[in-house]
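Following: one structure in structure tokens, then a few remarks.
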Amino acid sequence: MMKDVRKDFPILARHPQLVYLDSACTSLKPAQVIEAESSYYAELGACAGRSSHRLGREASNAVESAREKIAAFVGAKAEEAVWTRNATEALNIVAYGLDYSKRRKVVTSALEHHAVLLPWMDLQEQGKIRLEIVGCDESGRVSEDRWERAIDRDTALVVTNNGNNTSGVSQCTKNLAKLAHDNGALLCIDGAQGVPHRRVDFRKENFDFLCFSAHKMLGPTGIGALVMKKERMAKLRPLVRGGGTVKTVTLAKVEPVNDYTRFEAGVQHYSGMLGFSAACDYLSSYGMENVEAHEKALASAMRSELENAGVQVHGPMDEQRSALYSFNIHGAKAHDVALMLDKDGIAARSGFFCAQPAMEAMGAKGGAVRASCYIYNTPEDVKKLGQALAKVVALYK
């Protein structure tokens, strides 16, 4: 039995009856993370990597210590980690930074977040790549043989997720890594929904690029990370250029730095980095194996409650998954259902979840409601969701 973590979350202390089921959008933050973020302004305040005075040195040390912690959290080295605003920016750095002159094909799936689809769709519109989007069945599965048919010797990159934001299902990225590499392609993983929910090991799983956001794993908004193999980093073109990314500048020539700082132009979100580090500490203390076990228990309970309430669930129902379900009630608009749940103190999201093709592929043409749990949720929360949904279903019979 895990310790009760709810006491660590100020929002839950302020709203003790709140059932927060929107963690796939953004997670709540424990006091330890809030305090770590505030500590930058209270104790440091200076720019990292620039000023040589004491506060500047302390800020630099704090940022690099945080970098080490975030990298280690996903089984990487500090020199393989780049600070970004979020997973979206990390994905854009990869998309626009790769050289597609020798291989122009990029393979992804219809089940991806818009942050995956849009950059590579844009590159296809510009005529720089040929994008192949692997389809799925109505239950929201992409079979391995579909990936095998799509990935070939013309493929430059395979980009997909290791945790789906519409169904909560994870795929075997280790097999995908082998398939991509056997064909000479690179693998980029959108880890926004994977990294927060189970142990991810960048090196063992053999990813080339891993993108994730702090705000979905108890950390601050506006900070994320791109972890990549050093040999990939050396060839990736930075998305933004400016201060902190060069060795020397003359009006005739620019000599860039050759490490991770090439991608970190301008003054950064230092307070967010410290908060992100504290979030990794918090989750490490809890134990990622315990995070996964807790969610599997909640996922099983949620499935029972949703079946008993009589709602239509989108996505597979018989696979290992995080505690995330997208669903609809016959005859009801998704936004109306979410508002009725809100009246019962249940915060859930409605819409397409920035993954419209995925939702439509699973039959949710008008969007859906999504309930997603995290470590602060309880079996009682799940039961309250079931009770509230049963009342809403009764209104539409």
Side-chain angles (χ1 to χ4, degrees), residues 11 15 17-28 110-115 136 138-141 161 163-170 192-193 196-197 215-216 295-296 298-319 321-374 376-397:
I11 288 177
H15 302 285
Q17 301 306 313
L18 173 66
V19 176
Y20 187 77
L21 298 178
D22 198 16
S23 294
C25 182
T26 195
S27 62
L28 303 180
L111 292 176
E112 309 302 330
H113 192 279
H114 292 167
C136 65
E138 286 187 1
S139 72
R141 292 185 183 88
N161 64 78
N164 190 279
N165 82 312
T166 55
S167 69
V169 173
S170 59
Q193 297 292 342
H197 300 288
H215 75 99
K216 296 183 187 293
E295 287 204 33
K296 283 181 179 177
L298 291 179
S300 178
M302 287 178 77
R303 175 178 176 173
S304 296
E305 292 292 342
L306 295 172
E307 288 176 341
N308 291 338
V311 305
Q312 177 191 5
V313 175
H314 303 287
M317 290 287 279
D318 57 352
E319 295 189 23
R321 60 188 299 154
S322 61
L324 181 159
Y325 287 87
S326 299
F327 56 88
N328 271 304
I329 292 174
H330 183 70
K333 293 180 180 179
H335 293 310
D336 291 342
V337 174
L339 288 172
M340 284 185 272
L341 291 176
D342 187 49
K343 288 183 178 180
D344 276 338
I346 298 171
R349 188 173 170 187
S350 55
F352 288 109
F353 324 125
C354 297
Q356 186 171 350
M359 292 308 303
E360 290 184 345
M362 290 188 285
K365 303 297 185 183
V369 183
R370 184 181 68 189
S372 52
C373 297
Y374 209 19
Y376 35 70
N377 290 114
T378 65
E380 290 73 24
D381 289 343
V382 174
K383 186 166 288 189
K384 287 178 182 178
L385 171 66
Q387 292 169 344
L389 284 174
K391 290 194 296 183
V392 178
V393 169
L395 292 175
Y396 287 89
K397 282 186 175 178

Would you find a donor on one side and an acceptor on the other, under 3.5 Å apart, between the side chain of Q193 and the backbone of A24?
-> yes
Set of residues satisfying side chain to side chain contact (heavy atoms under 4.5 Å, CB included) with respect to H15, sequence neighbours excluded = I11, L18
Considering all heavy atoms of both residues, which atom of S23 and which atom of S372 are nearest to each other, and what is their separation?
-> N-OG, 3.1 Å
Spacing of C373 atom SG and M302 atom CE [to the nearest 0.5 Å] | 4.5 Å
Measure across K216 and A192 and return the closest heavy-atom pair with its distance rounded to 0.1 Å.
-> CD-O, 3.5 Å
Would you call K384 and E380 a salt bridge, taking side-chain N to carboxylate O under 4.0 Å as the test?
-> no
What's the shortest heavy-atom distance between L111 and N164, and which atoms?
-> O-ND2, 3.0 Å
Nearest 0.5 Å, what's the CG-CD1 distance between L389 and I346?
-> 7.0 Å
Taking the six-membered ring for Trp, are the ring centroids of Y374 and H197 within less than 6.0 Å of each other?
-> yes
Looking only at heavy atoms, what is the nearest atom pair of N161 and V169, with distance?
-> OD1-O, 4.4 Å
Examine the side chains of H314 and S326 and answer whether a donor and an acceptor come within less than 3.5 Å of each other.
-> no
Sequence neighbours left out, what passes side chain to side chain contact (heavy atoms under 4.5 Å, CB included) with A355? Give chain and number order.
-> N165, T166, A358
To the nearest 0.5 Å, tell me how far D344 CG sits from L339 CG.
-> 12.0 Å
Rounded to the nearest 0.5 Å, what's the gap from NE2 on H114 to SG on C354? Could you check?
-> 6.5 Å
Looking at S322 and E295, what are the two nearest heavy atoms and their distance?
-> CB-OE1, 3.1 Å
Work out which heavy atom in Y376 is nearest to a heavy atom in S27; give both atom names and the distance.
-> OH-CA, 3.4 Å
